[in-house]
**Student:** 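Pasting in a structure now, in structure tokens, and then I'll have a few things to ask.
Atoms considered below: every heavy atom in the structure, side chains included; atoms not considered: hydrogens, waters and symmetry mates. Whatever order the structure lists ligands and atoms in, that order sets their numbers, starting from 1.
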Amino acid sequence: MNAVEKLIDGQLMKKGDFLEILADFGDERTMERLTREAVRVRKKHYGIKVFTRGLIEFTNYCKNNCYYCGIRGGNPHAVRYRLTKEEILECCEEGWRLGFRTFVLQGGEDPFYTDERMLEIIREIKGQYPDCALTLSVGEKSRESYRLFRESGADRYLLRHETADEAHYGKLHPQTMSLKHRKQCLYDLKSLGYQVGAGMMVGSPGQTMETLAEDLLFLQELKPHMVGIGPFIPHHDTCFAKEPAGSVEQTLHLLSVIRLLLPRVLLPATTALGTLDPFGREKGLAAGANVVMPNLSPVRNRKDYELYDNKICTGEESAQCRECLESRIAAVGYEMVSERGDFLNWK
Ligand code: 5AD
Ligand code: FES
């Protein structure tokens with residue numbers, strides 16, 4: 001049995017198997033089969049439903065300095081903002097009205113939001129919207145902080161591992177950050193009962209077939225509930241400004257591989273994919289993705305949450321984004337639903 005068949009068959013994959021699949025990405029027939037199977041598995045578990053998450057980008061201050069990221073602390077040109085608790089709650093209110101049942105609080109690693117402040121925000125959101133899921137995406141914290149957040153009501157946590165290869169991790173991040181700690185955070189989050197999201201950029205500088213195979217091996221081992229992948233897109237104020245963007249095709253193939261590797265995974269068709277290709281998100285759905293994450297942030301702040309250049313949806317109202325996505329999703333044969341959209345058979 002070749003590696004693609006092993007993957008479709010749900011067998012335990014070795015690094016060599018992933019390398020074989022990655023090498024096959026040029027082969028049209030194999031890729032067609034991979035995509036078809038990925039969509040079949042997606043439909044078996046989730047039908048044609050597409051879950052939506054309202055993304056609230058509540059701070060773009062960051063103490064880290066990831067070399068690829070436009071809001072890294074070391075970028076003096078970033079225009080910084082923070083939302084107050086009241087502003088965050090206004091976003092939730094609008095989101096609720098529009099039909100969102102998951103809110104994602106995402107931000108840089110901003111020391112202003114102490115555990116105490118975070119707990120207040122989490123309690124308030126969960127108090128007002130007890131039937132909504134709350135997802136946090138605020139970077140690396142201590143197990144104790146994660147525990148407190150979880151106890152106050154946070155349901156899910158997104159923390160992309162970015163790359164599972166030590167040397168590659170070192171090329172993308174300053175020495176103050178480590179892959180080991182990042183992985184520890186992900187395992188802590190899992191053991192605390194969060195639905196956990198990992199993931200990586202596709203085509204980040206220094207990425208190779210080898211590092212991608214390591215990413216897939218790591219995902220197989222961690223078994224996250226969600227996987228966020230999107231193409232790398234250069235940001236003009238970073239040292240990777242002149243690097244080429246990742247490939248849309250390769251991102252789509254990887255979405256299919258991940259759908260087959262983790263059949264029930266919640267897999268977003270990301271904004272980065274929609275930024276590189278006007279139909280990127282639709283193509284993502286057709287490759288096995290089942291989630292979209294439209295922006296719920298106040299329009300006045302959107303352009304400042306600039307992780308990469310030319311990010312889409314920075315001028316639109318939340319309602320416009322939701323409507324736009326709803327019709328795009330329907331046009332390719334799927335249905336946007338107003339549900340929490342938990343991992344299938346979640347306790
Ligand atoms: N291009 C694409 N994705 C990026 N991210 C950060 N910077 C970029 C970029 N230049 C992704 C990272 C991070 C997520 C919030 O956004 O993977 O985890
Ligand atoms: Fe903010 Fe990387 S620059 S987490």
Side-chain angles (χ1 to χ4, degrees), residues 53 55-75 77-78 104-110 135-141 156-165 168-169 171-174 177 179 181-183 185-186 189 196-207 211-212 215 218-219 224 226-248 250-251 254-255 258 267-277 280-281 284 291 293-295 297 302-314:
R53 323 296 194 197
L55 183 64
I56 305 170
E57 300 156 332
F58 72 103
T59 172
N60 71 351
Y61 282 83
C62 191
K63 69 174 162 63
N64 284 337
N65 205 23
C66 309
Y67 300 145
Y68 44 83
C69 183
I71 65 163
R72 69 199 166 84
N75 179 8
H77 303 297
V104 182
L105 279 186
Q106 186 176 86
E109 293 197 10
D110 180 355
T135 307
L136 301 180
S137 179
V138 291
E140 298 179 25
K141 304 263 174 196
R156 310 184 188 138
Y157 205 102
L158 305 177
L159 183 71
R160 290 189 179 178
H161 65 282
E162 311 296 358
T163 173
D165 180 277
H168 187 212
Y169 196 92
K171 272 199 70 171
L172 298 177
H173 303 97
M177 296 177 74
L179 176 59
H181 189 253
R182 195 107 181 149
K183 286 184 170 176
C185 287
L186 284 162
L189 288 161
V196 173
M200 66 279 183
M201 294 175 285
V202 178
S204 60
Q207 187 172 70
T211 66
L212 275 175
D215 288 325
F218 175 63
L219 292 176
M226 306 169 276
V227 176
I229 66 164
F232 161 75
I233 303 174
H235 182 284
H236 59 277
D237 276 330
T238 62
C239 31
F240 295 144
K242 294 274 178 310
E243 296 289 330
S247 138
V248 170
Q250 195 180 27
T251 306
L254 282 163
L255 283 171
I258 292 166
L267 198 58
T270 55
T271 306
L273 194 53
T275 295
L276 274 197
D277 182 320
R281 287 168 301 180
V291 172
M293 300 174 67
N295 206 318
S297 312
R302 286 191 189 185
K303 62 173 190 332
D304 295 326
Y305 200 84
E306 190 185 48
L307 307 182
Y308 46 81
D309 288 342
N310 305 314
K311 190 171 158 218
I312 53 170
C313 306
T314 56

**Student:** Heavy-atom distances under 4.0 Å decide this one: backbone, side chain, both or neither, for Pro234 against ligand 1?
**Tutor:** neither
**Student:** Charged N to carboxylate O below 4.0 Å: is that the case for Glu306 and Lys311?
**Tutor:** no
**Student:** Report the nearest protein non-hydrogen atom to atom 1 (N) of ligand 1: residue, atom name, distance rounded to 0.1 Å.
**Tutor:** Ile233 N, 3.0 Å
**Student:** Does any N/O atom on Phe232 come nearer than 3.5 Å to any N/O atom on ligand 1?
**Tutor:** no
**Student:** What is the nearest protein non-hydrogen atom to atom 16 (O) of ligand 1, stated with its residue, atom name and distance?
**Tutor:** Leu307 CD1, 3.4 Å
**Student:** Taking heavy atoms and a distance under 4.0 Å, where does His235 meet ligand 1: side chain, backbone, both or neither?
**Tutor:** neither
**Student:** Among protein heavy atoms, which lies nearest atom 7 (N) of ligand 1, and at what distance?
**Tutor:** Tyr68 CD1, 3.3 Å
**Student:** Evaluating non-hydrogen atoms only, which member of Gln106, Met201, Arg72, His161 is closest to atom 5 (N) of ligand 1?
**Tutor:** Met201
**Student:** Distance alone, cut at 3.5 Å: any donor-acceptor contact between the side chains of Asn295 and Ser297?
**Tutor:** yes
**Student:** Report yes if Tyr308 has an N/O atom closer than 3.5 Å to an N/O atom of ligand 1; otherwise report no.
**Tutor:** no
**Student:** Does Pro231 reach ligand 1, in the sense of a heavy atom lying below 4.0 Å from it?
**Tutor:** yes
**Student:** For atom 14 (C) of ligand 1, what is the closest protein heavy atom, and at what distance to 0.1 Å?
**Tutor:** Arg160 NH1, 4.1 Å
**Student:** Side chain to side chain contact (heavy atoms under 4.5 Å, CB included), that's the test. Do Arg281 and Ile312 meet it? Break it down for me.
**Tutor:** CA-CA 12 Å; Arg281 287 168 301 180; Ile312 53 170; 3.7 Å; yes
**Student:** At under 4.0 Å between heavy atoms, which part of Glu162 makes contact with ligand 1: side chain, backbone, both or neither?
**Tutor:** side chain
